[in-house]
Amino acid sequence: MAGSAAVAAPGPSAPRRLNVNVGVLGHIDSGKTALARALSTTSSTAAFDRAPQSRARGITLDLGFSCLRTPLPPHLGPGPGELQLTLVDCPGHASLIRTIIGGAQIIDLMMLVIDVTKGMQTQSAECLVIGQIACQKMVVVLNKIDLLPEGKRQAAIEKMTKKMQKTLENTKFQGCPIAAVAAKPGGPEAPETVNPLGVSELIEVLKSQAYLPTRDPTGPFLMAIDHCFSIKGQGTVMTGTVLSGSVSLGDNVEIPALKVTKKVKSMQMFHTPVTYAMQGDRVGVCVTQFDPKLLERGLICTPESLQTIYAAVISLKKIQYFRGALQTKAKFHITVGHETVMGRVMFFSPAPADFSKEPLENAFDFEKEYLYQEEYLSKGSKSSEENKENDQTGEGQLPRQQWALLEFEKPVTCPKFCLVIGSKLDTDIHANTCRLAFHGVLLQGMEDKNYVETFLPKLKVYKLKHKEGQVERVLDDYSVIGRSLFKKETNIQIFVGLKVKLSTGEDGVIEGGFGQSGKFKIRIPNGLKSDTKVFLTVPSKKKSKAGKGDAAKEDESSKVDSAQPVTINLLFKRYVFDTQKKMIQS
Ligand SMILES: Nc1nc2c(ncn2[C@@H]2O[C@H](COP(=O)(O)OP(=O)(O)OP(=O)(O)O)[C@@H](O)[C@H]2O)c(=O)[nH]1
Ligand SMILES: [Mg+2]
């Protein structure tokens with residue numbers, strides 16, 4: 001998360017200046033760009049819908065940056081000062097969700113723009129999900145109130161406000177402010193002179209919601225660049241938000257996407273030269289001999305502080321609005337920090353003994369063992385139902401933390417512990433469904449291309465295997481012959497020495513094959529119980545009695561025989577990444 005409220009390094013008497021990044025998110029055509037335009041008094045270096053394709057299609061294709069300045073509200077500190085709200089206008093089109101996720105990661109306060117005549121729409125819901133993952137605070141803006149008939153306007157706004165409050169009830173934005181505006185009354189054809197409605201009230205709401213997030217200058221420097229241009233005689237300026245750490249004049253910064261490193265020649269905040277900037281600051285960084293055309297958006301950082309990874313272990317949570325199951329081996333679009341790639345997932349949970357352990361934040365314990373899951377465990381997932389059966393408490397308790405191994409189709413460059421979002425972007429965008437499937441934190445990246453050999457064997461994820469067979473007959477007091485545990489072609493030799501348990505309670509050890517048809521001999525070190533022996537010899541008695549024509553007895557004993565054969569249970573663990581596929585019993 002970015003913390004981008006920024007106090008420009010002031011001189012002793014300089015007024016305090018604070019920057020807060022405000023995201024403008026919502027469904028396509030809800031009026032985000034119109035709203036950003038109405039809100040901003042000063043346009044920043046990046047304009048609205050700059051791309052020619054964007055203007056031609058009337059939709060926003062990229063993040064737009066603009067800003068407005070107002071006096072510093074009292075809750076942000078004493079004395080005269082200035083609050084700069086940097087508006088980050090996100091696109092609304094479903095296909096641009098990657099850009100929206102990137103935008104959301106640099107904002108402090110989110111505006112969710114809703115077309116008041118339509119209410120929540122598919123991408124409004126997706127934006128709400130992204131906001132819950134990446135943003136601290138939100139303001140809902142009901143736009144286009146000019147389209148409501150004047151006599152019924154107030155009632156309609158109140159109705160929609162109630163509806164939105166209900167929608168937000170179970171989110172972290174419960175009770176957030178809801179404002180009603182018309183950013184562009186009359187729509188596209190209306191003359192520019194028509195004044196927007198409710199915008200000055202909205203500015204007051206934004207001011208009241210602005211806050212100073214925690215700012216931490218430690219750790220590597222990372223900055224999200226949103227604009228890059230050259231100034232004659234000076235060099236190339238990259239503007240953006242410092243996401244972590246700090247930067248000083250003369251520092252080397254790396255542009256990882258281009259694999260080049262440049263020295264910081266000068267810096268500016270609020271049009272004022274500075275020598276230092278830290279997490280949360282909005283700053284322009286000037287370097288020399290760098291063609292601005294090479295970088296439009298992207299990251300710059302302390303040299304070699306980012307990792308380029310082929311796979312990762314993340315801790316994750318399912319997004320509750322995602323309808324499908326999260327299955328191991330499925331492919332997702334995976335946004336790692338500011339990049340999106342295709343990747344395959346494998347889910348795993350704590351081993352049963354650790355199920356209710358306290359979640360570990362920002363760390364992964366390679367000493368621990370983990371249980372492989374075919375599917376992320378959630379209420380109603382197939383494996384959680386199975387889990388319920390095995391669970392002594394019978395409650396089908398869900399673990400407090402779950403993880404996934406991600407294997408990317410191509411390597412991604414990202415900071416440590418960055419945000420990860422998995423989505424199914426190939427879903428039909430007209431299907432009214434949430435495409436965002438899970439979110440989490442990157443705990444361990446694998447930078448080695450050969451991670452399958454070098455790294456994965458360290459990951460102790462195991463499958464519990466259960467095989468079941470039947471006792472065919474008793475050999476003597478200390479051994480029985482079993483069947484149906486192995487296929488005929490199985491090499492029983494590799495199972496020799498493994499422990500089994502009979503359904504009658506005895507422990508046994510597999511001693512070896514018996515005959516040619518997959519049968520095998522089990523030694524019972526403590527001997528068979530007398531009950532078991534009786535039980536296992538009933539069928540032969542049955543035969544002799546049947547021979548005497550005792551029909552009633554035959555019936556009874558064959559019932560016993562077919563209802564409860566003595567079963568043999570073989571349980572062992574196998575580590576998913578053990579190349580030798582060893583079977584392990586405790
Ligand atoms: N009547 C009316 N029309 C509006 C208002 N605000 C925006 N519009 C119109 O709605 C259409 C969409 O506005 P934009 O601001 O481009 O919407 P957007 O949310 O930025 O769209 P994308 O960025 O493509 O998702 C345009 O034709 C606007 O003129 C409003 O308050 N009233
Ligand atoms: Mg727009």
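Counting begins at 1 with the first residue of the sequence. For clarity, every value in this text was computed on a predicted model and none was experimentally measured.
Side-chain contact between L168 and L128: present, with at least one pair of heavy atoms (C-beta onward) separated by less than 4.5 Å. Side-chain atoms of S378 and Q402, non-hydrogen and from C-beta on, never get closer than 4.5 Å to each other. Residues Q289 and K263 form no side-chain contact, since every pair of their non-hydrogen atoms from C-beta on lies 4.5 Å or further apart. The side-chain heavy atoms of K449 and Y310, taken from C-beta on, include a pair separated by under 4.5 Å. Between L443 and I314 the shortest side-chain heavy-atom distance does not fall below 4.5 Å. Under the 4.5 Å side-chain criterion, counting only non-hydrogen atoms from C-beta, I309 is in contact with C414. A 4.5 Å side-chain heavy-atom check between M111 and L87 finds at least one atom pair inside the cut-off. Between L197 and R153 the shortest side-chain heavy-atom distance falls below 4.5 Å.
Between the side chain of T86 and the main chain of F65, no donor-acceptor pair closer than 3.5 Å is present. Proximity of a side-chain donor or acceptor of H227 to a complementary backbone N or O of G284 within less than 3.5 Å is not detected. Counting only distance, with no hydrogens or angles, the side chain of K184 and the backbone of R37 share no donor-acceptor pair below 3.5 Å. Formation of a donor-acceptor pair under 3.5 Å by the E339 side chain with backbone atoms of T413 is found in this model. Counting only distance, with no hydrogens or angles, the side chain of K172 and the backbone of Q132 share a donor-acceptor pair below 3.5 Å. The closest donor-acceptor contact from the side chain of Q279 to the backbone of D216 lies under 3.5 Å. For the pair K262 (side chain) and I255 (backbone), a donor-acceptor distance under 3.5 Å is absent. Judged by distance alone, the side chain of K331 and the main-chain N or O of M342 form no donor-acceptor pair under 3.5 Å. Between the side chain of R69 and the backbone N or O of E82, no donor-acceptor pair lies under 3.5 Å. The main-chain N or O of G23 is never found under 3.5 Å from a side-chain atom of K32 such that the two would form a donor-acceptor pair.
Shown are L212, L206, D108; of these, the side-chain contact (heavy atoms from CB on, under 4.5 Å) with V20 is made only by D108.
When only modelled atom types and interatomic distance are considered, T236 and S230 share no side-chain donor-acceptor pair under 3.5 Å. Side-chain contact of Q84 with N19: a donor-acceptor pair under 3.5 Å is present, judged by distance alone. A donor atom on one side chain and an acceptor atom on the other are found under 3.5 Å apart for T239 and D226.
By the 6.0 Å contact criterion, NZ on K163 is open, its count of non-hydrogen atoms from other residues, nucleotides or ligands being 12 or less.
Contact check on D281 versus R215 returns a salt bridge, with a Lys/Arg side-chain nitrogen under 4.0 Å from an Asp/Glu carboxylate oxygen.
In this structure, A183 and P196 approach most closely via the heavy-atom pair O-CB, 3.5 Å. Between I114 and S30 the shortest heavy-atom distance is C-CB, 4.5 Å. Residues A224 and H338 come closest through the heavy atom pair CB-CE1, 4.5 Å. Of all non-hydrogen atoms in M269 and Y276, the two that sit nearest each other are CE-O, 3.7 Å. Across all their heavy atoms, I100 and L25 have their closest contact at CG2-CD2, 3.5 Å. Across S40 and C67, no two heavy atoms sit closer than the pair CB-O, 3.2 Å.
Because its NZ or CZ atom is both nearer than 6.0 Å to the ring centre of F332 and within 45° of the ring axis, K424 counts as a cation-pi partner of that residue.
Atoms CG and NZ, on L76 and K207 in that order, are 10.0 Å from each other to the nearest 0.5 Å. Here the CD-CZ distance, from E126 to F322, works out to 10.5 Å after rounding to the nearest 0.5 Å. Put simply, CE on M110 and SG on C90 are 8.5 Å apart, with the number rounded to the nearest 0.5 Å. One distance of note links OG of S208 with CD1 of I203; it measures 12.0 Å at 0.5 Å rounding. From Q123, atom CD reaches atom NE2 of H93 across 8.0 Å, with rounding to the nearest 0.5 Å. Interatomic distance, CG of L306 versus CD of E254, reported as 6.5 Å (0.5 Å rounding).
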Using the side chain to side chain contact (heavy atoms under 4.5 Å, CB included) rule, take F221 and I300 through it: C-alpha gap first, then chi angles, then the decisive distance, then the call.
CA-CA 8 Å; F221 166 68; I300 63 172; 4.1 Å; yes
Take L112 and F173, measure what side chain to side chain contact (heavy atoms under 4.5 Å, CB included) needs, and give me the verdict at the end.
CA-CA 11 Å; L112 179 63; F173 302 122; over 6 Å; no
Side chain to side chain contact (heavy atoms under 4.5 Å, CB included) between Q268 and V237: does it pass, once the steps are laid out?
CA-CA 9 Å; Q268 277 199 0; V237 176; over 6 Å; no
Could you go step by step and tell me if L202 and L35 meet the side chain to side chain contact (heavy atoms under 4.5 Å, CB included) rule?
CA-CA 10 Å; L202 175 58; L35 181 64; 3.9 Å; yes
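The side-chain hydrogen bond (donor to acceptor under 3.5 Å, both in side chains) search around T340 returns T335, not counting sequence neighbours.
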